[in-house]
Every structure is written in C-alpha cells, then in structure tokens.
Amino acid sequence: MASGVKEVLPPSLDSSSEPPPDIFDGTTKLFTAYICPYAQRVWITRNYKGLQDKIKLIAIDLENRPAWYKEKVYPANKVPSLVHNNEVKGESLDLIKYLDENFEGPSLLPNDPAKREFAEHLLSYSDSFNGAGFSSFRAEGIGEVGAAFDYLENALGKFDDGPFFLGTFSLVDVAYAPFVERFQLFASDVKKYDVTGGRPKLAAWIEEIDKIEAYKVTKADPKEFLAVLKKRIAS
C-alpha cells in the first residue's frame, strides 16, 4: 500500500491571487479545496497511488474564488479539476477512475467481476447517499440520513474478505469516506446522533479507513467544517 507522504500543503488561492504562471506547462495539476469532499476523493486517490510528486496540488478558496480559475482553467468553476496532458477534466467520480486507470501505483479496483459490478452500483448510489446527508443538515431530526447509513451497513456485508466495501480498500471507499466523515461529525455535533450505533460494520469500516494514511492527511479540520456549515445553515 502506498502511504500518504507528509507534504507541505500550498495556501489556498483567492480572488486577490494571481494565476499560477505554469498551468499549462505539460505537468499534471489537481485543483482542489481542502474543505470540499468531492475534491478530497481525488486527493485521496492521488495519495494512495503515491503520485504526490507526479500531481501538483493547487488549492482554491471556494468562499472567495479567483476569477481566473473559471476563465482560464475550468469554466464550471468548481473543484476538483485535473490538468493532464494540457487538458482539463472534472467530476470527482470520473477523476478517481481516471487516476486509477491512467497512472502508476496500486490498483483501486479488484479484478473480480462481481466486485467490479458491485463497485459500479455503489459508486452510482453515492449521489443518493450524499443527497440524504446534505438534506439532513436542515431537516428535523436526522431526516433520511439514517436510512442511507443503513444502506451502507448492508453493503459492507456483501463481501467477507475484509472490512471495506469490496473487501480490500478501493475506489468505493475513496468515494464515501469524505462524506461519511462530514455527516458523522455533523450528526454527532448538531443532531447528537451516533451514526455507528447499531451499525457494527460501519463502525469497523470507519476505524479501518482512519488507518489509511493517504486518507488521514486529507481529513478536514472539524472546527472549520462545522463553522462553515453552521454559517450556511443560518443563511
């Protein structure tokens, strides 16, 4: 397993920042935001595959994003985006697959056809899971997120050869980890709800995910996340 290398993270670029002079110089760059779970997916994949020296991080301040990012880099004006071979690609699920298929490092999808089929199913379901989690932020009680976590608990029982969704760590775990991280934190802090209660497989999964160095170094600052979230809920 490629471990996350401790790296000095670049400061986030905001509306006062000049664009990097070498955006399209042939090197690969990942435009990210440290608080964004979608961008975190690609960051984890980069780290796990040991690509820290091959893919440069460029952080964007999403609360005060620079105009040049939309004009010069990614018209969708969101993160993540990847500059590779002087072409810009986006969408986090597409990007984690792209990194896994086009770069060196340990594979993040098994060869087993049944596991690959289940992976596609769970990757497709991730939008529904995320939607339930985000809707719970403003819902009375816990909203739909309880049922969504039940779905994950059941999915984690599909294969018994390891604690992860496909047994071994894969793109499926990468896709869910940033969102489980945030929804668990929000549920505990704001709703006083333990998402692992009655869900032993989920509890074990979270414990094992937290041992993955490539993920650990990307985890959001809990206080920063909760402060931003509570500000948005109040607005």
Asker: I want to check something: taking the side chain as every heavy atom from C-beta on, are L13 and P20 in contact at a cut-off of under 4.5 Å?
Answerer: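 Heavy-atom side-chain distance check passes, below 4.5 Å.
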Asker: What's the separation between atom CD in E117 and atom CG in D112, rounded to the nearest 0.5 Å?
Answerer: 10.0 Å
Asker: Side-chain heavy atoms under 4.5 angstrom apart, residues restricted to Ile, Leu, Val, Met, Phe, Trp, Tyr: same cluster for L109 and I212?
Answerer: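 Yes; I212 is reachable from L109 via cluster members.
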Asker: Judged by atom type as modelled, is there a donor-acceptor pair below 3.5 Å linking the side chain of Y48 to the main-chain atoms of Y215?
Answerer: no
Asker: Ring centres under 6.0 Å, that's the criterion: do F137 and F134 meet it?
Answerer: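 Yes, the ring of F137 comes within the 6.0 Å limit of the ring of F134, centre to centre.
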Asker: Please find the pair of heavy atoms, one from E7 and one from L57, that lie closest to each other, and give the distance.
Answerer: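 Heavy-atom minimum between the residues: OE2-CD1, 4.0 Å.
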Asker: Has the side chain of D100 got a donor or acceptor atom that lies under 3.5 Å from a matching backbone atom of L108?
Answerer: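 Yes.
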Asker: Go through the structure and list residues passing ring pair (Phe, Tyr, Trp, His ring centres under 6.0 Å) with F149, not counting sequence neighbours.
Answerer: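 By the ring pair (Phe, Tyr, Trp, His ring centres under 6.0 Å) rule, F149 matches F129.
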Asker: Could you grab the distance from atom NZ of K201 to atom CG of D160, nearest 0.5 Å is fine?
Answerer: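 Taking NZ in K201 and CG in D160, the distance rounds to 10.0 Å.
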Asker: Heavy-atom distance under 4.5 Å between the side chains of I209 and F169, does that happen here?
Answerer: yes
Asker: Cluster question for you: counting only ILVMFWY and a side-chain heavy-atom cut-off of under 4.5 Å, with indirect links fine, are F179 and L226 together?
Answerer: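 In one cluster with F179: L226, yes.
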Asker: Quick check for you: to the nearest 0.5 Å, what is the distance between E144 atom CD and S135 atom OG?
Answerer: 4.5 Å
Asker: Taking all atoms of both residues into account, what is the closest heavy-atom pair of R199 and G146, and its distance?
Answerer: NH2-O, 3.0 Å
Asker: Can you tell me how far the OG atom of S170 sits from the CG atom of L123, to the nearest 0.5 Å?
Answerer: 7.5 Å
Asker: Under the 3.5 angstrom rule, does the side chain of D189 hit a backbone N or O of L185 as a donor-acceptor pair?
Answerer: no
Asker: Using modelled atom types and a 3.5 Å cut-off, is there a donor and acceptor pairing between side-chain atoms of W43 and backbone atoms of V217?
Answerer: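 No.
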Asker: So F186 and F183, ring-ring contact (aromatic ring centres under 6.0 Å, His included) or not? Walk me through it.
Answerer: CA-CA 5 Å; F186 173 80; F183 299 158; 8.4 Å; no
Asker: With a 3.5 Å distance limit and no angle check, can you tell me whether S188 reaches the backbone of Q184 through a side-chain donor-acceptor pair?
Answerer: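 Checking the backbone N and O of Q184 against the side chain of S188, no donor-acceptor pair under 3.5 Å is found.
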Asker: Indicate yes or no for a side-chain donor-acceptor contact from D173 to the backbone of F165 under 3.5 Å, with no hydrogens or angles considered.
Answerer: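 The answer is yes, because a donor-acceptor pair under 3.5 Å joins these two groups.
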Asker: Please answer whether the main-chain N or O of P106 pairs with a side-chain N or O of K49 as donor and acceptor at a distance below 3.5 Å.
Answerer: yes
Asker: Could you list the donor-acceptor pairs under 3.5 angstrom formed by side chains in residues 22-34, with sequence neighbours left out?
Answerer:
{"residue": "D25", "atom": "OD1", "partner": "T27", "partner atom": "N", "Å": "3.1"}
{"residue": "D25", "atom": "OD1", "partner": "T27", "partner atom": "OG1", "Å": "2.6"}
{"residue": "D25", "atom": "OD1", "partner": "K29", "partner atom": "NZ", "Å": "2.7"}
{"residue": "T27", "atom": "OG1", "partner": "K29", "partner atom": "NZ", "Å": "2.5"}
{"residue": "K29", "atom": "NZ", "partner": "D22", "partner atom": "O", "Å": "2.9"}
{"residue": "K29", "atom": "NZ", "partner": "I23", "partner atom": "O", "Å": "3.2"}
{"residue": "K29", "atom": "NZ", "partner": "T27", "partner atom": "O", "Å": "3.4"}
{"residue": "Y34", "atom": "OH", "partner": "P10", "partner atom": "O", "Å": "2.5"}

Asker: How close do F118 and A155 get, heavy atom to heavy atom, and via which atoms?
Answerer: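 Heavy-atom minimum between the residues: CE2-O, 3.7 Å.
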Asker: Within a reach of under 6.0 Å around NZ of K54, are more than 12 heavy atoms found that belong to other residues, nucleotides or ligands?
Answerer: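 Open: at most 12 neighbouring heavy atoms sit under 6.0 Å from NZ of K54.
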Asker: Is the backbone N or O of G141 less than 3.5 Å from a side-chain atom of Y193, with the two atoms forming a donor-acceptor pair by type?
Answerer: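 Here the side-chain-to-backbone pair does not exist.
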Asker: Find the distance between CD1 (I96) and CZ (R41) and round it off to the nearest 0.5 Å.
Answerer: 6.0 Å
Asker: So do the side chains of E104 and L51 get within less than 4.5 Å of each other, counting heavy atoms only?
Answerer: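 E104 vs L51: side chains touch.
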Asker: With a 4.5 Å heavy-atom cut-off, do N64 and S15 have their side chains touching?
Answerer: yes
Asker: Do Y69 and S81 have a side chain donor and acceptor closer than 3.5 Å?
Answerer: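 Y69 vs S81: donor-acceptor pair found between side chains.
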Asker: Please give me the minimum heavy-atom distance between R65 and K78, naming the atom from each residue.
Answerer: NH1-CA, 4.1 Å
Asker: Considering only heavy atoms from C-beta outward, does the side chain of F225 approach that of E181 to under 4.5 Å?
Answerer: no
Asker: Does F164 offer a backbone N or O that forms a donor-acceptor pair with the side chain of E208 under 3.5 Å?
Answerer: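 The answer is no, because no donor-acceptor pair under 3.5 Å joins these two groups.
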Asker: From I44 CD1 over to L99 CG, what is the distance, rounded to the nearest 0.5 angstrom?
Answerer: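 One finds 12.0 Å between CD1 of I44 and CG of L99.
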Asker: Identify whether V228 and I60 are in the same connected component of the hydrophobic contact network (ILVMFWY, side-chain heavy atoms under 4.5 Å).
Answerer: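 Different clusters.
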Asker: Could you check Y176 against L122 for side-chain contact (heavy atoms from CB on, under 4.5 Å), going step by step and ending with a plain yes or no?
Answerer: CA-CA 9 Å; Y176 281 93; L122 288 177; 4.3 Å; yes
Asker: Do V190 and K230 come close enough that some side-chain heavy atom pair is under 4.5 Å?
Answerer: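 They are in side-chain contact.
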Asker: What heavy-atom pair brings C36 and L62 nearest, and what distance separates the two atoms?
Answerer: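 Looks like CB-CD1, 4.0 Å.
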Asker: In terms of hydrophobic clustering (I, L, V, M, F, W, Y; side-chain heavy atoms under 4.5 Å; direct or indirect links), are Y125 and Y38 co-clustered?
Answerer: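 Same hydrophobic cluster.
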Asker: Stepwise, does the salt bridge (Lys or Arg N to Asp or Glu O under 4.0 Å) test hold for K216 with D210?
Answerer: CA-CA 6 Å; K216 283 170 61 177; D210 280 338; over 6 Å; no
Asker: Would you check if K158 and H121 make a side-chain contact, meaning some heavy-atom pair closer than 4.5 Å?
Answerer: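 Not touching, per the 4.5 Å side-chain cut-off.
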Asker: Show the nearest heavy-atom pair for residues P110 and R116, with the distance to one decimal.
Answerer: O-NE, 2.7 Å
Asker: Are F103 and I55 close enough that some pair of their side-chain heavy atoms sits under 4.5 Å apart?
Answerer: yes
Asker: With hydrophobic residues grouped by side-chain heavy-atom distances under 4.5 Å, do L95 and V88 end up in a single group?
Answerer: no
